[in-house]
Amino acid sequence: MTSTRSLIADLEGRLAEEAERLVEPADPARVARAIDAAHSASMGFEREPRGRWRAALPLLAAASLLLAVGFLVMMHSRPGPAAQPSPAADPVEQFVNAFDGVHTPDRLVAPLDGVQRLASLATPSGLATGAQAFWSDGVRLAEHLPIAQPIRLLRDAAAALRRAETSQPPVDPTPAPTGA
Amino acid sequence: MPRGATSSAIPLQERSDEELARSARAGAASAFEALVARFEPRLMAFFRSRGVDRPAAEDLFQETVLQMWRRFDHYDTTRPLAPWLFTIAARLMIKTRMRRQREEARERIVGARATPRADNPSPVDDIAGSDASLWRLASEVLSPESHTALWLRYAEDMAPQHIAAVLGKRPGAVRVLLHRARRTLAEALTHCQAPAPREGAAS
């Protein structure tokens, strides 16, 4: 036990001594590399990160306020059930309305966001109604549109509708004979 | 916030770590560089003492410097810098070690590494050439936490309360940890000094 204690006492001196020997002289190249790495990896946070964020806070607050106000305005501008009773509030109708004019080439760009959003909300029957509205020119133009998924859904729905329509038995164009 | 409160008349070399850190936080690139240069040998030795090879130690050093730069706003300038910096370094080392262990386990599962690679010497081998057999032994017989505590105590001359901050423990627990680490190391040393020394027999 005593020898262990003396060994421990000796150990403390040796630990410090050997640790000193492990410390190598400074390497300026290594220091320079580390500093370069820190600077290049932290672009935008070069100085006083806290100060920067603090300075950006009013801007963030203003942006949040604007967003909130914009959201409220949007909510109020939406036709409510009381203002415009049944058809306008119907998502299917909204969907069809959103496609109004999409098949006109010069108006392709503007309603795309709305189309995309509504297509994701639409029910299958809404999609089918939208497909009807989109029928001839729209399907062809859809091939060139940048929003793949909703347009693909719409195109498929249109194709399904077309198939369903062509598979129906032809209606006799001659008027039904009337009695007497 | 006492930002940039240090006198610029004092040469960088003569300023304390904390003064340099305050200046660096205020955006003084030269103060930051002086700090990095000051801590480079100490951090490299810290990593190397744990058996990290030189290239990996340099990576860890770079990562520590990057974290220091990014997290300066979290540093409390009223406290000593070294414990804060070594906390970053120690955590990075643990993270790296865990990642390496995961990779090794994955490699073993895939069977890509049936035999140990000759180009990847064990940590103990890596510092075997250095004149620090005691630290080599410590890296064998002590847990990473005990080893870190011992290094901070004897190489960095850090007080137990600061070591406690690095390890996330209470000062009393650190004292116990240090005591046990010393005892384990002393016992291992007596085994090693036995007539027929065996390689890696210290556990």
Side-chain angles (χ1 to χ4, degrees), chain A residues 1-70, chain B residues 1 3-4 24-29 32-34 36-46 48-49 54 57-59 61-74 127 130-136 138 150-151 153-157 178-179 181-183 185-187 189-190 193:
Chain A
M1 182 60 83
T2 317
S3 67
T4 307
R5 275 188 193 158
S6 66
L7 191 59
I8 287 175
D10 175 52
L11 198 65
E12 294 188 299
R14 277 185 63 190
L15 281 169
E17 200 178 295
E18 289 194 8
E20 261 178 43
R21 285 205 292 266
L22 266 181
V23 178
E24 296 171 1
D27 180 349
R30 188 182 292 141
V31 170
R33 279 196 295 274
I35 289 167
D36 282 350
H39 284 312
S40 57
S42 57
M43 294 294 283
F45 291 89
E46 291 88 354
R47 287 182 175 195
E48 297 186 75
R50 183 178 281 178
R52 283 179 174 229
W53 281 108
R54 206 175 276 161
L57 277 178
L59 199 66
L60 286 171
S64 308
L65 191 66
L66 270 177
L67 271 175
V69 169
Chain B
M1 188 69 53
R3 198 174 284 162
R25 253 179 65 150
F32 177 69
E33 284 164 20
V36 175
R38 186 177 291 183
F39 275 94
E40 184 258 341
R42 292 163 63 181
L43 286 168
M44 283 298 286
F46 174 58
R48 300 270 295 135
S49 77
R54 206 177 295 273
E58 179 161 341
D59 286 347
F61 169 65
Q62 280 197 7
E63 188 62 27
T64 307
V65 169
L66 173 62
Q67 297 298 330
M68 171 170 74
W69 181 242
R70 280 186 173 162
R71 297 185 191 174
F72 251 142
D73 53 329
H74 296 292
I127 57 170
S130 66
D131 195 8
S133 58
L134 201 53
W135 285 106
R136 175 192 166 201
L150 216 58
W151 179 267
R153 182 75 193 100
Y154 294 106
E156 284 294 321
D157 202 19
L178 283 170
H179 173 73
R182 280 190 299 257
R183 203 177 54 191
L185 195 55
E187 283 167 7
L189 206 57
T190 32
Q193 285 164 353

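Residue numbering restarts at 1 for every chain, and letters A, B, ... go by the order of the sequence lines.
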>> Which one wins on heavy-atom pair count under 4.5 Å against chain A: B:T64, B:L150, B:V36?
In response: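 The residue among B:T64, B:L150, B:V36 with the greatest pair count is B:V36.
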> Mind checking what makes salt bridge (charged side-chain N to carboxylate O under 4.0 Å, His left out) contact with B:E63, not counting sequence neighbours?
Replying inline: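 With neighbours one apart ignored, the set is empty.
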> In chain order, what residues pass the salt bridge (charged side-chain N to carboxylate O under 4.0 Å, His left out) check against B:R71, with sequence neighbours excluded?
Replying inline: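 Checked B:R71 against salt bridge (charged side-chain N to carboxylate O under 4.0 Å, His left out); zero matches.
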>> Only pairs of heavy atoms separated by less than 4.5 Å count here; which of A:E17, A:E12, A:E20, A:E24 has the most with chain B?
In response: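 Option with the greatest count: A:E12.
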> Top residue by heavy-atom pair count (under 4.5 Å) with chain B, among A:V31, A:V23, A:L15?
Replying inline: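 Looking at each of A:V31, A:V23, A:L15 in turn, A:L15 comes out on top.
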>> Over 60° means perpendicular and under 30° means parallel, so tell me whether B:W135 and B:W151 are parallel, tilted or perpendicular.
In response: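 Perpendicular, since the angle between the ring planes exceeds 60°.
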>> At a 4.5 Å cut-off on heavy atoms, which part of B:E40 comes close to chain A: side chain, backbone, both, or neither?
In response: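 Only the side chain of B:E40 comes within 4.5 Å of chain A.
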>> Using 0.5 Å steps for rounding, measure from the CG atom of A:D10 to the CG atom of B:L134.
In response: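 The CG atom of A:D10 sits 9.0 Å away from the CG atom of B:L134.
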